[in-house]
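See structure below.
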Amino acid sequence: MTDQPHGLPGILRRIAGKVSGVGLVLGALFMAASLTPSLIPRSEIVQGVLAGMCFAAGYGLAVLVRWIWVTLDLPLIGRRTGRYLLGASAGVAALIVGSFLWRATDWQNSIRAPMGMELAPPELPLMIGAMALVVATVLLTLGKLAALFVRRLIGRIARVVPRRAAHLLGLIIGGVLLWSLANGVLFSGFIRTADTSARALDAVIPPDSLPPADPLRTGSAASLIAWSDLGREGRNYIATTPRAQDIAAVAGGAAMEPLRAYVGLNAADTAEDRAALAVAELVRIGGFGRSILVVAMPTGTGWLDPAATTTLEYLHHGDVATVAIQYSYLQSWISLLVEPEYSAEAGRALFSAVYRHWLTLPEGERPELYLYGLSLGAYSSQQSLRLHEIIDQPFAGALWVGPPFVSPLWQTLTRERDPASPEWLPRMGQGQTVRFTNGGQGLSPRDAWGGIRIVYLQYASDPIVFFNTGSAWRRPDWMNAPRGPDISPELRWYPIVSFLQLAFDMAVSLNVPMGHGHLYAYDDHVAPWMAVTQPPGWNEAGLDRLRRHFKDMQAQAMAAAD
């Protein structure tokens with residue numbers, strides 16, 4: 001019997017050592033399931049990374065089960081039989097992967113077609129397979145290194161405790177150490193890098209981005225907030241305020257210049273200070289004198305969707321004031337994972353500050369008060385409310401767009417919906433207070449509205465809304481019939497794999513045409529804002545003209561993005 005080589009040769013031999021036949025088959029099944037459609041179309045790179053991760057997850061699960069089996073001293077098959085089974089397993093795994101890769105193009109096109117996207121290229125399976133091979137190889141190598149570390153740890157522990165106890169302790173201690181490394185070093189490093197990059201991008205002021213001359217605009221010489229303290233998205237938001245003449249040309253009749261107050265993250269140290277500054281700026285520009293006042297919460301980067309803000313301003317002929325504060329530099333899906341409490345704190349601070357000042361005004365002179373938020377902004381806007389504070393003198397309504405799956409109020413309403421309605425388009429009784437819409441459905445009149453009018457705008461294909469950790473072990477309700485109009489008929493639920501698919505969908509939820517995923521279209525905001533704010537003087541001809549105008553704006557925005 002020869003000794004096992006030590007050092008690097010020994011480590012390499014162990015890494016390239018035994019291959020699990022069951023792991024190959026289970027990994028192939030996981031990879032095959034990952035090739036089926038989910039909510040968002042995936043490029044060859046994204047799909048390849050997902051497929052490689054799913055193969056590694058399936059293989060690792062099989063290895064973990066075998067390790068438990070061996071630890072419990074359960075019987076194993078002989079070596080000769082094992083070699084035959086390994087060959088057969090490799091053949092079965094190759095057959096599974098090959099047959100599912102062959103269908104990958106059709107599956108991706110089953111999502112692309114309903115969204116009006118360009119169809120996937122015929123060579124997609126080859127590109128996916130190559131990327132998946134690289135990713136799976138890297139992940140399995142890292143997994144074997146981790147397993148080698150745990151085995152060494154178990155060996156040391158076994159010197160002082162019984163073998164089974166050593167296995168259990170080694171697995172627990174090794175798992176904690178490896179998790180600490182992944183979470184405390186790798187994940188934290190990613191977040192720090194993302195934050196540093198986003199912070200630097202937020203501070204960049206292009207040479208052509210000049211402070212506004214209009215004293216009623218935030219960031220002007222007369223403003224309480226410096227142009228440099230608005231942040232990148234705040235400066236863009238203020239600079240793109242529509243002109244009265246542009247609104248009048250589309251809406252007809254006289255129009256006013258909309259008022260927009262915005263406070264960037266660098267303008268003050270705390271959320272409360274930024275909220276107080278926002279209210280002071282709103283008072284300065286006369287925002288409380290408008291008919292409509294909107295407390296708007298931006299996305300994680302500080303972005304406010306012009307598809308929502310501009311639509312409302314046109315519907316009310318510019319007689320609108322909007323106030324917002326920034327609370328993060330990061331994209332919403334990252335902020336949602338690492339700092340959702342920041343957005344909730346900011347939403348609470350802003351609404352409270354605005355509401356307190358609003359209460360000081362004579363009842364007959366107050367503007368109608370509304371709330372708005374998209375994505376993480378919708379979460380923070382919902383979290384800003386305290387029922388006992390507003391029950392005597394409530395706000396008029398709210399439009400919450402693409403509410404994240406963690407939103408407690410949204411979760412409660414969705415869970416308590418009419419059982420006959422689907423999860424992607426809930427129906428709440430007669431819809432007197434809350435209604436859901438996907439832009440084209442859900443707002444048809446039933447009973448008249450009550451005192452508060454709340455509308456949720458959400459697409460059935462939005463993973464930010466419908467991601468759920470429970471999808472790892474149970475089929476989500478939104479997969480049941482009837483399904484949303486832009487959901488692939490080929491979509492199926494698979495344990496663990498569907499969870500990973502939806503996690504990837506969240507990261508690429510904006511890589512779709514407007515009107516799908518997490519990218520909400522201009523014209524899909526018209527009906528919700530009409531229902532919530534009930535602007536006077538509009539007929540079908542006027543609304544059709546407005547929708548055509550916004551479709552043109554949307555086309556220009558998409559062309560600029562390309």
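These values consider heavy atoms only, across backbone and side chains, with no hydrogens, waters or symmetry-generated copies.
The aromatic rings of F466 and W410 lie perpendicular to each other, with more than 60° between the two planes, well past the 30° mark. Ring planes of F467 and F405: perpendicular class, angle over 60° (limits at 30 and 60°). In this pair, Y355 and F351 present their aromatic rings parallel. The plane angle is below 30°, not in the 30 to 60° band.
Classification of E345 and R348 as a salt-bridged pair fails, no side-chain N sitting under 4.0 Å from a carboxylate O. The pair R547-D523 fails the salt-bridge criterion, with no side-chain N (NZ, NE, NH1 or NH2) lying under 4.0 Å from an Asp/Glu carboxylate O.
Although no hydrogens or angles enter the test, the distance criterion places no donor-acceptor pair under 3.5 Å between the side chain of E281 and the main chain of L277. When atom types are taken as modelled, the side chain of Y522 and the backbone of P306 share no donor-acceptor pair closer than 3.5 angstrom. One N or O on the side chain of W529 and one on the backbone of A308 form a donor-acceptor pair closer than 3.5 Å.
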Would R435 and W449 satisfy side chain to side chain contact (heavy atoms under 4.5 Å, CB included), going step by step from the backbone distance to the final call? CA-CA 10 Å; R435 298 180 188 179; W449 282 100; 3.4 Å; yes
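Closest approach of S471 and S498 over heavy atoms only: O-CB, 4.2 Å. Minimum interatomic distance between P242 and T310 (heavy atoms only, all atoms of both residues): CG-CG2, 4.4 Å. Closest non-hydrogen pair, P41 versus M117, comes out as CG-SD, 3.5 Å.
Just one residue in the list R483, R415, R417 forms a salt bridge (charged side-chain N to carboxylate O under 4.0 Å, His left out) with D477, and that residue is R417.
More than 12 heavy-atom neighbours from other residues, nucleotides or ligands sit within 6.0 angstrom of CD on Q245. For N539, the CG atom sits in a packed shell: over 12 heavy atoms of surrounding residues, nucleotides or ligands are nearer than 6.0 Å. More than 12 heavy atoms of other residues, nucleotides or ligands sit less than 6.0 Å from atom CG of L119.
One distance of note links CE of M514 with CG of L519; it measures 5.0 Å at 0.5 Å rounding. The NE2 atom of H518 sits 5.0 Å away from the CG atom of L374 when rounded to the nearest 0.5 Å. The CG atom of L293 lies 9.5 Å from the CH2 atom of W358; values are rounded to the nearest 0.5 Å. Atom CZ of residue R274 and atom CD1 of residue I225 lie 12.0 Å apart, to the nearest 0.5 angstrom. A distance of 9.0 Å separates CG in L259 from CD in E313, rounded to the nearest 0.5 Å.
Annotation: side chain of M297 is not in contact with side chain of S384 (no heavy-atom distance under 4.5 Å). Between L361 and P367 the shortest side-chain heavy-atom distance falls below 4.5 Å. Under the 4.5 Å side-chain criterion, counting only non-hydrogen atoms from C-beta, P476 is in contact with W493. Residues S291 and E368 fail the side-chain proximity criterion, which asks for heavy atoms closer than 4.5 Å. Considering only heavy atoms from C-beta on, V323 stays 4.5 Å or farther from V279 through its side chain. For the pair S43/N511, no side-chain contact is recorded, criterion being any heavy-atom separation below 4.5 Å from C-beta on. Side-chain contact between P298 and E233: absent, with no pair of heavy atoms (C-beta onward) separated by less than 4.5 Å. Between W400 and L371, some side-chain heavy-atom pair lies under the 4.5 Å cut-off.
For residues 236-270, the pairs satisfying ring pair (Phe, Tyr, Trp, His ring centres under 6.0 Å) are Y237-Y262, with sequence neighbours left out.
Using modelled atom types and a 3.5 Å distance limit, the side chains of S488 and S110 yield a donor-acceptor pair. D273 and T270 form a side-chain donor-acceptor contact under 3.5 Å, judged by distance and modelled atom types alone. Between the side chains of T414 and E423, no donor-acceptor pair of N or O atoms lies under 3.5 Å.
Checked against side chain to side chain contact (heavy atoms under 4.5 Å, CB included), A276 has no partners two or more places apart in sequence or in another chain. The salt bridge (Lys or Arg N to Asp or Glu O under 4.0 Å) test applied to R42 returns D505, not counting sequence neighbours.
Between F550 and H525, the gap from one ring centroid to the other reaches at least 6.0 Å.
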